[in-house]
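Comments concern the structure below.
Computation of the quantities below employed the complete heavy-atom set of this structure, encompassing side-chain atoms and omitting hydrogens, waters and symmetry-equivalent molecules. Residue numbers begin at 1 in each chain, while the letters A, B, ... track the order of the sequences.
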Number of protein chains: 2
Amino acid sequence: MSLSDRKRRILKAVIDEYIENAEPVGSRVIASRSRLDVSPATIRNEMSELEELGYLEQPHVSAGRIPSTAGYRLYVNELMQDYALSDHEAEAINAALRTQMRELERTVREFGSFVSRLTNYTTYTLMPSPSSERVMKFDVLIIDERYAIVVIVTSSGLLKNKRIRLATSATEEEIRQVVRILNTHFTNRTLDEISLSLIKRASAEAGNLAYLVTAVADFAGEVLDDSGDGDIYLDGISRMLNHPEYRDPEKARELLNYLSDKREILRHTKEHFSDDNVAGQIRFSIGTENSDEPLKDAGIVYGTYDLGKNLQGVIGIVGPTRMDYAKVAANLNYFINGFNKLIRDSFFTDI
Amino acid sequence: MSLSDRKRRILKAVIDEYIENAEPVGSRVIASRSRLDVSPATIRNEMSELEELGYLEQPHVSAGRIPSTAGYRLYVNELMQDYALSDHEAEAINAALRTQMRELERTVREFGSFVSRLTNYTTYTLMPSPSSERVMKFDVLIIDERYAIVVIVTSSGLLKNKRIRLATSATEEEIRQVVRILNTHFTNRTLDEISLSLIKRASAEAGNLAYLVTAVADFAGEVLDDSGDGDIYLDGISRMLNHPEYRDPEKARELLNYLSDKREILRHTKEHFSDDNVAGQIRFSIGTENSDEPLKDAGIVYGTYDLGKNLQGVIGIVGPTRMDYAKVAANLNYFINGFNKLIRDSFFTDI
DNA sequence: TTTTAGCACTCTCGGCTTCCGAGTGCTAAT
DNA sequence: ATTAGCACTCGGAAGCCGAGAGTGCTAAAA
């Protein structure tokens, strides 16, 4: 049976109120603030029923009610109103987008930073995990007679480089030859497709510079492999402390330590996305829905952004369970749409 | 007049004790723990004199003494013993060094991360500010008929890249020509030396690809200029909360907010290094010596590392005023020596 | 003259009690 | 079905007290 309209309105009022003030909300406040013309007593009855249904909780008998995880869940799924971005917020996001992917990573990170500042929550950005990543292009720059820099451009547009020591000094022409060999043999292949025999064949062509081909191939393997982890950037960790729920230093420390450990976040995020319910772009994970202890009274809003075929990155925004889901979701959504569009009509779409 | 030997020993004992336990230390503890065979009463007399001299302070009349900023200053300048790195610590640092500058930045950051874990303080690493930075090498990689990536290698070994939209599709040969022009005109010059007339002259040579030369030159300017800010990486912010002085969430929040603002750190560090007393590599800045309010009861240990001629980066380690200066200094020193050596005999020394 | 023992004094901290107010649930009236 | 009224509960703030730690001072001892 679904909730009566009045119950829904009351529940929403409680949650909105609680999100704003972080304090248990009582029947009187709801009665006066929401404009259902009923007395506190009626609200009380309704609330006690909402409690029985599991949407509200009471910290102790004579405090107001606070939403339960189920309450929040209902809220994000059905109750909450679209939050209208303020001009200021939209402008900030546009600014992040306007940096125009001078470096892709930076754009995403910058957005994370903006949202963190705008919403006062901690954000993390997770670069796409490119297991299906390919090398698009090789190049070798000679620095001096002893060193060269290898440059690799991947299909997601990342650019990686490594310094390599030259065993024998090589001429421009020789290097160009090596680059040609690399580009013909190794581009457009995933890690799995770069076999040992392929490397052998390629380096055979390179004569006395074979070692260079091998070195570069190794490096390519490294890049394709380890960037599989995807870098994680955190922003606004300290903002966590602005919220009253983290007055208790123990609580704060526990959560911050957890968030600082990138492996934890990575694991958590992957876990969350392993469920195949790939509904919309924005997802929520609330309070006790999180299996990790330190997140049990936190909320996370996730958004995914595309970076080409099969490449998705994740942005997560972490706050107390009581965080302003509507606002965060609106911001995230706005950015992601802009970003995806940007990518779609300007990047390597044909890959 | 300089302090009597006994006073010095007592002061040192007080500071060592306080560094370890974070609690005001009383006469009895000193009497029993340090092996000056005197009674607590004598210690009391000495301590009250040390207080008059400004080296110790009393939080309230019936607590023990804690060191003042002046006390710490004397401690780091004269009193503290060399801390001997444990095998574990040395090994961790070696590991950071062994990552072999796959990317320079990463090595430094990794060290920051290690030290943070080892010492439980927050660290920040500041990349060199390369106002005297030059471009070593240009390259342009064609991605497809619409896009190319410009790669710039700077004299400090940083590699920057930018995607550029091609107005007209260009042949390999044309691009090679552009690269040649770029390399002859713009390499080995600092930002100041890249004049407008130089750009004009260079682009004239490029015919219908002049726009490309201009775009790349602009980008080069951007890189040389804005990397002047130097990136900052923080590590172990949350570890701050492990120290009892930050039990008070207000205090913690203030400091963490300050630390999260990279501009603040940058400004502070620059300020600190503007004094021309370039004594050793390791420097301290203690408590009220810091002009910034949030740092007034924190301590910072700075170390500088070289990255070639005229290029210095800074590593800072931030903790409570009571931090273990000896240990931190030892770690920092060990790393910096190793790192500098690594750079000296393997990098672009001849620049 | 320096060191030490003794003692009164001060101040913080933890625990305890008390009190107040907010908010509830129940009952009876509308 | 709603509301007014009322007794009840509980957490938090304020106040109080005693214990403990550490001091400074004085007077005796070395």
Take the protein atom CD1 of A:Ile10 and the nucleotide atom C1' of D:dT2, then report the distance between them rounded to whole Å.
13 Å
Distance-only donor-acceptor check, side chains A:Thr123 and A:Asp235, under 3.5 Å:
no
When the distance from CG of B:Leu56 to C1' of D:dT23 is rounded to whole Å, what number comes out?
14 Å
B:Glu89 and B:Tyr83 side chains, donor-acceptor separation under 3.5 Å:
yes
To the nearest angstrom, the CD1-P distance between A:Ile43 and D:dA1 comes to 17 Å
Once each nucleotide of nucleotides 3-22 of chain D is scored for protein heavy atoms under 4.0 Å, what B/S/- sequence comes out, 5' to 3'?
BBB---BBS---------BS
Quick one: B:Glu49 CD to C:dT2 C1', roughly how many Å, whole number?
12 Å
Taking the six-membered ring for Trp, are the ring centroids of A:Tyr124 and A:Tyr233 within less than 6.0 Å of each other?
no
Determine to 10° how strongly the helix from C:dT1-D:dA30 to C:dT30-D:dA1 is bent, judged from the axes of its five-pair ends.
20°
Is it the case that the side chains of A:Ser113 and A:Arg117 hold a donor-acceptor pair, with the cut-off being a distance below 3.5 Å and no angle test?
yes
Under the side-chain hydrogen bond (donor to acceptor under 3.5 Å, both in side chains) test, which residues partner A:Ser48, sequence neighbours left out?
none
Roughly how many Å is it from CZ in B:Arg247 to P in C:dT12, rounded to a whole number?
19 Å
A:Tyr325 ring center near A:Tyr72 ring center (under 6.0 Å)
yes
Polar side chain donor-acceptor pair, B:Ser238 to A:Asn257, under 3.5 angstrom
yes
A:Phe335 and A:Phe114 aromatic centres sub-6.0 Å:
no
A:Leu36 atom CG is separated from D:dA1 atom C1', nearest whole Å, by 15 Å
Expressed as a whole number of angstroms, how long is the span from B:Glu46:CD to D:dT23:P?
13 Å
